[in-house]
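Here the structure is laid out as structure tokens; the discussion comes afterwards.
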Amino acid sequence: MVMNRREWISRGQQLLEDQGIENASGEAWYLFSHCLKICREDYLFAMTEEVTDQEGLAKYQEMLQRRAETRCPLQYLLGTQEFMGYSFIVNPDVLIPRPDTETVLEEVINTWIRPGKILDLCTGSGCIAISLALLLKPDICIGTDISRKALDVAKANGKNLCPMVKFIKSDLFEQVEGTYDLIISNPPYIATEECAGLMPEVREHEPMLALDGKEDGLYFYRKIINKAPEYLEDGGMLAFEIGYDQGEAVKNMMIENGFHSVKIKKDLAGLDRLVFGNK
């Protein structure tokens, strides 16, 4: 079928809309741009140009079908996600970096001014460790994860963006040595019974190991808070991304374990998103 660029994108948009995909217009464009290797400027100057790249069109239609029928997230189809101004490799072995986490990092960067040593627990794609290393330029930056497959992704991102970051396989602090000026984590924090109600893009495609925070969603916060003082320098900061309803619980746990100046910060939607305090 011979159609121009605008018609192919409109066709993709309609397919996605019929399946209830939000932002169908934007997603159809991103898939078309990726498969046909066309930038926005080239498209705008030649929207009515007929598309003759049959290989690119076949790939575009295949990805549209996967997005519509399986609800595979756009980021996994494209293989990348932008985060803090950098492009990260992503696949179903890691969570997709989200804007909420950017808010967390921006607050930490504005609050924490000490260069030195950073430890990122539950690193996933490595987006937190790598972004902090690039922006704060610490002496040492380490990311840990229990998933070997996630670490493969993190290491690939580190090689592309910031080779100084070291990634190690560890169940939280299990293989960690030394003390750090900043320990940060975005651990699994969704209560087990709530996981079944997640949108299909998350529930059926993102790694449950990185989502399930056990019975009440606070399991990993307890474990990290209990052990963190052993791995923090005096005055060092412990910082968490949290679920919208977990701020007070995590704050109280930190205070009970001797942390001071513990604060809760909100994201752009006005929801609790970050808890941090000092040893």
Side-chain angles (χ1 to χ4, degrees), residues 12 16 21-24 26-35 37 39 59-60 62-106 120-135 141-170 184-190 195 198-213 220 241 243 267 273:
L16 297 179
I21 304 293
E22 294 183 12
N23 190 26
E27 293 205 11
W29 156 252
Y30 280 119
L31 290 173
F32 185 83
S33 173
H34 174 77
C35 296
K37 299 179 173 58
C39 69
K59 185 177 181 182
Y60 173 59
E62 187 270 331
M63 284 193 174
L64 283 170
Q65 289 296 329
R66 285 183 61 195
R67 181 71 182 101
E69 295 176 5
T70 72
R71 302 300 285 265
C72 180
L74 175 72
Q75 293 88 341
Y76 290 157
L77 292 172
L78 300 179
T80 61
Q81 170 64 18
E82 295 296 313
F83 182 82
M84 297 298 288
Y86 307 106
S87 181
F88 286 85
I89 298 166
V90 293
N91 66 29
D93 294 322
V94 296
L95 289 182
I96 297 165
R98 288 166 165 80
D100 289 339
T101 306
E102 291 184 320
T103 303
V104 171
L105 264 62
E106 288 164 0
D120 172 28
L121 301 174
C122 309
T123 195
S125 67
C127 64
I128 290 177
I130 291 168
S131 296
L132 289 177
L134 289 167
L135 295 168
C141 188
I142 294 175
T144 76
D145 206 288
I146 196 171
S147 167
R148 177 70 66 187
K149 290 181 177 180
L151 286 171
D152 287 342
V153 177
K155 289 176 180 177
N157 282 318
K159 182 178 179 181
N160 289 342
L161 296 168
C162 192
M164 67 85 64
V165 180
K166 180 181 179 182
F167 294 102
I168 60 175
K169 187 177 187 298
S170 179
I184 188 167
S185 183
N186 178 15
Y189 60 69
I190 300 174
C195 290
L198 295 171
M199 59 193 302
E201 283 86 346
V202 178
R203 183 183 68 247
E204 297 173 11
H205 296 279
E206 297 199 68
M208 196 55 61
L209 183 67
L211 295 167
D212 189 347
F220 293 99
E241 179 169 340
D267 59 22
R273 186 59 59 190

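Expressed to the nearest 0.5 Å, how far CD1 of Ile142 lies from CZ of Phe167 amounts to 10.5 Å. To the nearest 0.5 angstrom, His34 atom NE2 is 5.5 Å from Leu78 atom CG. Between Leu121 atom CG and Thr144 atom OG1 the span is 4.5 Å, to the nearest 0.5 Å.
The nearest pair of heavy atoms linking Phe83 to Leu105 is CE2-CD2, 3.8 Å. Taking all atoms of both residues into account, the shortest heavy-atom contact from Pro92 to Pro207 is O-CD, 3.4 Å. Contact between Ile128 and Asn186 at its shortest, heavy atoms only, is CD1-CB, 4.0 Å. Of all the heavy atoms in Tyr76 and His205, the pair that sits closest is CE1-O, 3.8 Å. The nearest pair of heavy atoms linking Phe220 to Pro187 is CB-CB, 3.8 Å. Cys35 and Met63 make their closest contact through SG-SD, 3.7 Å (heavy atoms, listed as atom of the first residue, atom of the second, distance).
Scanning for side-chain hydrogen bond (donor to acceptor under 3.5 Å, both in side chains) contacts around Gln65 gives an empty result, with sequence neighbours left out. With sequence neighbours excluded, the residues that form a salt bridge (Lys or Arg N to Asp or Glu O under 4.0 Å) with Asp100 are Arg273. Looking at residues two or more places apart in sequence or on another chain, you find a salt bridge (Lys or Arg N to Asp or Glu O under 4.0 Å) between Arg98 and Glu206. Listed by chain and number, the residues in a side-chain hydrogen bond (donor to acceptor under 3.5 Å, both in side chains) with Asn91 amount to none (sequence neighbours excluded). Residues satisfying the side-chain hydrogen bond (donor to acceptor under 3.5 Å, both in side chains) test with Ser185, not counting sequence neighbours, are none. Take Arg66 and apply the side chain to side chain contact (heavy atoms under 4.5 Å, CB included) test, not counting sequence neighbours, and it matches Glu62, Thr70, Cys72, Leu77. Phe32 pairs by the ring-ring contact (aromatic ring centres under 6.0 Å, His included) definition with Tyr60, not counting sequence neighbours. Considering only residues two or more places apart in sequence or on other chains, Leu135 meets the side chain to side chain contact (heavy atoms under 4.5 Å, CB included) condition with Met84, Tyr86, Ile109. Asn157 is linked by a side-chain hydrogen bond (donor to acceptor under 3.5 Å, both in side chains) to nothing, counting only residues two or more places apart in sequence or in another chain. Remark: Glu201 pairs with Arg67, Arg71 by the salt bridge (Lys or Arg N to Asp or Glu O under 4.0 Å) rule, at least two apart or across chains.
Counting only heavy atoms from C-beta outward, the side chains of Asp267 and Val104 never approach each other to under 4.5 Å.
In this structure, the side chain of Ser131 engages the main chain of Cys127 through a donor-acceptor pair within 3.5 Å. Between the Asp145 side chain and the Gly124 main chain, a donor and an acceptor come within less than 3.5 Å of each other.
With respect to Val94, the side-chain contact (heavy atoms from CB on, under 4.5 Å) criterion is satisfied by exactly one of Thr123, Asp152, Val153, Ile89: Val153.
Within the structure, the side-chain hydrogen bond (donor to acceptor under 3.5 Å, both in side chains) test picks out no pair touching residues 159-169 (sequence neighbours left out). Identified under the salt bridge (charged side-chain N to carboxylate O under 4.0 Å, His left out) test for residues 85-95, with sequence neighbours left out: none.
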Criterion side-chain contact (heavy atoms from CB on, under 4.5 Å) on Leu198 and Ile190, from CA distance to verdict
CA-CA 10 Å; Leu198 295 171; Ile190 300 174; 3.9 Å; yes

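Residue-environment remark: CG (Leu134) exceeds the threshold of 12 foreign heavy atoms within 6.0 Å.
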